[in-house]
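Here the structure is a predicted model, which is why all the values come from computation and not from measurement.
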Amino acid sequence: MRGAKFLIAAALTVAGIGAAAQRLNPLAPPVTTEAPKAEAAAPAQPQPQLPTPPQLTPQDANAWLDGFMPYALAEADIAGAVVSIVRDGQIVTQRGYGFADVASRRPVDPDRTLFRPGSVSKLVTWTAVMQQVEQGKIDLDADVNRYLDFQIPPYRGQPVTMRQLLTHTAGFEEQIKTLIENVPGQIPPYDALLKRWVPHRIFAPGTTPAYSNYGTSLAGYIVERVSGEKFDDYVERRIFAPLGMTNSTFRQPLPARLRPMMATGYKQASGDVVPFELVGPAPAGSLSSTGTDMARFMMAHLGRGELNGQRIMRPETAQLMHKSALTMIPPLDRMRLGFFETNINGREVIAHLGDTGAFHSSLHLWLNENTGLYLSLSSGGDNGASNGVRIGLFERFADRYFPGPPEREALGVSQETTAQHAQLLAGNWIPSRRAETTFLSITQLLGQLSMGVGENGKLVTPPQFGLTGNPSNWVEVQPFVWHDTNSHQRLAAVVENGEVKRFSLSIMSAFTVFERPPFYKNSAIVMPLLLLALGILLLTVLLWPTRWLVRRHHAATFPLAGRELLGYRLSRVFALLILLVLVGWATLVSLLFADLSNLAGAFDPMILTLQLLSFVVFFGGLAVFVWYLLQVWRGRRRWTAKVWSVALAFAAIMVIWVGFAFHLLSFGTNY
């Protein structure tokens with residue numbers, strides 16, 4: 001459950017995201033990054049001597065965390081947090097900060113307080129998948145329909161494989177209906193949700209990373225099918241029990257024994273309580289766990305599938321899971337099998353992040369240093385500050401204990417070339433994780449990312465790209481590869497025939513890329529025309545009563561009668577109706593995203609009503625406006641009336657354009 005903030009647009013809640021050997025995306029060839037040849041060999045320069053980092057001991061880690069976390073929580077308005085650090089099969093430290101419940105001032109206990117890791121839950125599901133791969137019950141490259149009792153339709157004849165589910169490259173569009181609910185009994189079992197609606201596949205399999213909760217939930221159901229055990233029972237018997245994770249569960253609501261241990265979630269520590277969240281695609285995000293249990297899970301993976309003599313997978317299976325990487329935009333981070341890279345300071349790091357409405361978490365494993373870091377926060381904080389806290393903790397931890405050589409600045413990229421490359425990225429972009437065939441595709445119009453060129457030809461990105469809270473300062477270090485000097489983030493683009501086809505940011509490149517919208521969806525074109533159309537409709541509606549009042553004040557008679565009067569009045573009525581329907585759509589989208597529990601289907605009647613009204617009002621308006629236009633141009637009307645009749649017809653056409661392009665003119669309550 002990666003929040004839309006982490007997605008950067010749409011994904012914007014602070015959440016998204018193969019091959020045994022590396023494979024390049026045939027639609028996205030690697031960028032040439034060769035440095036220009038030197039005219040003469042330069043003498044070797046001495047390498048800077050790095051300072052000796054502090055030792056990762058309990059004493060040093062505790063002192064460092066105690067200096068970072070309380071201040072971060074207070075500044076961000078976050079209620080509570082748990083941090084676990086492991087190394088070499090041992091827990092270095094685990095710390096609780098803030099309150100598990102603000103009202104009772106119950107402190108966070110890393111041994112007993114349950115947090116919701118959100119999409120970090122997926123790592124448990126992927127571990128279960130790899131156990132079944134190890135047993136020969138799942139083939140990573142077979143059609144998943146082999147294991148299902150319903151069908152996943154092919155994409156142009158190509159099936160979905162488990163490897164593609166593990167790497168988020170099955171091509172599914174975003175599905176968010178019944179993502180989270182707060183009322184027990186209002187959410188169907190996850191397998192029923194899987195069968196209720198299969199989201200459309202909008203990309204060829206294996207070509208485009210598009211983070212998918214549906215895909216992970218589907219993988220959990222396959223584990224259930226091939227193992228013969230319910231998913232909750234399976235993970236408890238095959239993963240939690242061997243690792244001693246006695247305070248962990250995917251069950252919703254919580255078992256009675258664990259309920260008193262659950263941390264309370266909040267939007268902000270100073271704000272309202274968020275009730276216990278029921279995750280619809282449960283295998284993708286319904287885990288509840290303590291800091292201690294998550295430490296055990298990290299140690300098992302770092303121990304190549306073993307902890308304290310208990311093995312949950314063979315070393316070669318763990319190696320396959322941790323090392324198989326799918327390259328999409330070199331040199332950015334890649335998707336492994338279930339994990340994604342968050343490489344930093346030249347170190348190999350695999351990870352997962354997760355978000356619910358209230359909880360925000362991250363898990364990172366330094367494979368060569370045999371070290372793990374887990375953080376979970378019980379509030380989003382002010383303006384989504386939790387994202388800055390978790391990324392800031394990760395980067396500062398890495399810089400303190402596992403530093404690398406200083407980041408290199410520009411490698412032979414001239415200012416002129418940098419400006420040219422930035423200009424190629426300028427314009428609007430949409431994420432690969434998106435709703436494409438439902439009415440929620442309207443978010444593509446409202447939330448497109450705009451890239452620009454600033455002073456001295458520097459690349460300018462949206463403010464939300466400063467994921468740690470600092471503004472981004474992009475320096476092109478290789479052709480079409482930029483480094484943010486205010487963080488560890490990199491941005492890179494794929495270029496074909498001199499045109500940028502896609503780009504991404506290192507923290508999300510494994511599971512989301514950005515592509516150009518088609519012209520008929522490009523907000524740089526559509527939005528100005530739509531605003532013009534709305535202005536015409538609004539002015540038409542406002543002038544109608546205004547002119548009536550003026551005529552009444554001056555005791556003037558209206559010059560139209562009969563059919564011409566009817567055409568005039570109907571054109572004004574339909575202008576008002578079109579505006580009201582569009583206001584209805586805007587209200588619906590706002591309500592759906594105001595609270596994730598609103599995505600559980602309560603607004604289905606409103607959706608169907610708006611869809612029906614859209615067909616009737618949009619096309620009825622166009623018919624009336626065209627009829628009115630013909631009357632005006634055939635009659636003896638002033639030139640202003642003729643111009644305005646054309647404007648009204650344009651407004652109706654523009655609204656219908658938006659209706660078709662973004663699926664407001666469609667029927668159905670799946671999204």
Side-chain angles (χ1 to χ4, degrees), residues 1-16 76-79 102 116 118-119 174-187 193 213 264-281 284-286 354-360 377-387 431 433-435 438-448 462-464 523 579-611 613-614 662-664 668-671:
M1 328 244 2
R2 303 288 305 289
K5 258 184 188 179
F6 191 65
L7 252 172
I8 305 290
L12 287 178
T13 55
V14 192
D77 197 16
I78 293 173
V102 172
R116 305 297 301 281
S119 280
E174 177 75 318
Q175 181 197 56
I176 63 171
K177 187 175 184 180
T178 323
L179 182 67
I180 286 179
E181 174 59 87
N182 293 330
V183 181
Q186 295 297 309
I187 192 165
L193 292 177
N213 287 310
T264 303
Y266 305 86
K267 294 291 182 65
Q268 294 90 26
S270 59
D272 296 333
V273 168
V274 176
F276 184 84
E277 298 166 289
L278 305 167
V279 177
S286 70
D355 303 276
T356 69
F359 291 85
H360 308 274
L377 306 164
S378 62
S379 314
D382 287 332
N383 298 313
S386 57
N387 204 46
R433 182 188 183 182
R434 63 180 184 261
T438 72
F439 69 89
L440 280 185
S441 64
I442 192 65
T443 56
Q444 292 182 37
L445 175 62
L446 304 175
Q448 290 180 19
Q464 57 263 43
S523 64
L579 287 174
L580 290 176
V581 171
L582 292 174
V583 168
W585 279 115
T587 302
L588 172 67
V589 173
S590 298
L591 289 172
L592 288 176
F593 288 103
D595 189 327
L596 292 179
S597 64
N598 291 341
L599 300 171
F603 289 92
D604 284 0
M606 184 177 179
I607 293 170
L608 291 172
T609 300
L610 284 170
Q611 289 171 336
L613 287 174
S614 295
F662 299 100
H663 299 278
L664 304 183
T669 58
N670 291 317
Y671 52 88

Notebook entry, point to check: Heavy-atom distance under 4.5 Å between the side chains of Lys267 and Val274, does that happen here?
Noted result: yes
Next item on the list: Take Met606 and Trp585 through the test side chain to side chain contact (heavy atoms under 4.5 Å, CB included) and record every step on the way to the result.
Entry: CA-CA 9 Å; Met606 184 177 179; Trp585 279 115; over 6 Å; no
Margin query: Looking only at side-chain N and O atoms, does Glu277 offer a donor or acceptor that is under 3.5 Å from a partner on Thr356?
Written below: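 Short answer, yes.
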Notebook entry, point to check: So, Ser379 versus Gln268: side-chain donor-acceptor pair below 3.5 Å or not?
Noted result: no
Check: Would you call Glu174 and Arg434 a salt bridge, taking side-chain N to carboxylate O under 4.0 Å as the test?
Finding: no
Report yes or no: does [X] contribute a side-chain atom to a donor-acceptor pair with the main-chain N or O of [Y] at less than 3.5 Å?
X: Gln444; Y: Ala435; value: yes
X: Thr438; Y: Tyr671; value: no
X: Asn598; Y: Leu591; value: yes

Next item on the list: Start with the C-alpha distance between Glu181 and Ser597, add both sets of side-chain angles, then the distance that settles side-chain hydrogen bond (donor to acceptor under 3.5 Å, both in side chains), and finish with yes or no.
Entry: CA-CA 4 Å; Glu181 174 59 87; Ser597 64; 4.7 Å; no
Check: Taking it one step at a time, do Phe439 and Phe662 satisfy ring pair (Phe, Tyr, Trp, His ring centres under 6.0 Å)?
Finding: CA-CA 6 Å; Phe439 69 89; Phe662 299 100; over 10 Å; no
Looking at every heavy atom in both [X] and [Y], which two are closest together, and how far apart are they?
X: His663; Y: Ser441; value: CD2-OG, 3.5 Å
X: Ile187; Y: Leu278; value: CD1-O, 3.6 Å
X: Arg116; Y: Val279; value: NH2-CG2, 4.0 Å
X: Leu440; Y: Phe593; value: CD2-CE1, 3.9 Å
X: Gly668; Y: Ile607; value: O-CG2, 3.8 Å
X: Ala600; Y: Ile180; value: CB-O, 4.5 Å

Separation of [Y] [atom2] from [X] [atom1] (nearest 0.5 Å):
X: Leu179; Y: Leu599; atom1: CG; atom2: CG; value: 6.5 Å
X: Thr443; Y: Leu592; atom1: OG1; atom2: CG; value: 11.0 Å
X: Leu610; Y: Leu582; atom1: CG; atom2: CG; value: 9.5 Å

Notebook entry, point to check: Between Ser386 and Ile78, does a side chain to side chain contact (heavy atoms under 4.5 Å, CB included) hold up when you go through it step by step?
Noted result: CA-CA 7 Å; Ser386 57; Ile78 293 173; 4.1 Å; yes
Note to self: Restricting to ring pair (Phe, Tyr, Trp, His ring centres under 6.0 Å), what partner residues turn up for Tyr266, sequence neighbours left out?
What the structure shows: none
Item checked: salt bridge (Lys or Arg N to Asp or Glu O under 4.0 Å) contacts in which one or both residues fall within residues 585-600, not counting sequence neighbours ->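 Counting only pairs at least two positions apart or across chains, no salt bridge (Lys or Arg N to Asp or Glu O under 4.0 Å) contact touches residues 585-600.
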Note to self: Please determine whether side chain to side chain contact (heavy atoms under 4.5 Å, CB included) holds for the pair Phe276 and Asn182, giving the CA-CA distance in whole Å, both sets of side-chain angles, and the decisive distance to 0.1 Å.
What the structure shows: CA-CA 6 Å; Phe276 184 84; Asn182 293 330; over 6 Å; no
Note to self: Tell me every residue that passes salt bridge (Lys or Arg N to Asp or Glu O under 4.0 Å) with Lys177, counting only those two or more places apart in sequence or in another chain.
What the structure shows: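 Partners of Lys177 under the salt bridge (Lys or Arg N to Asp or Glu O under 4.0 Å) test: Asp604.
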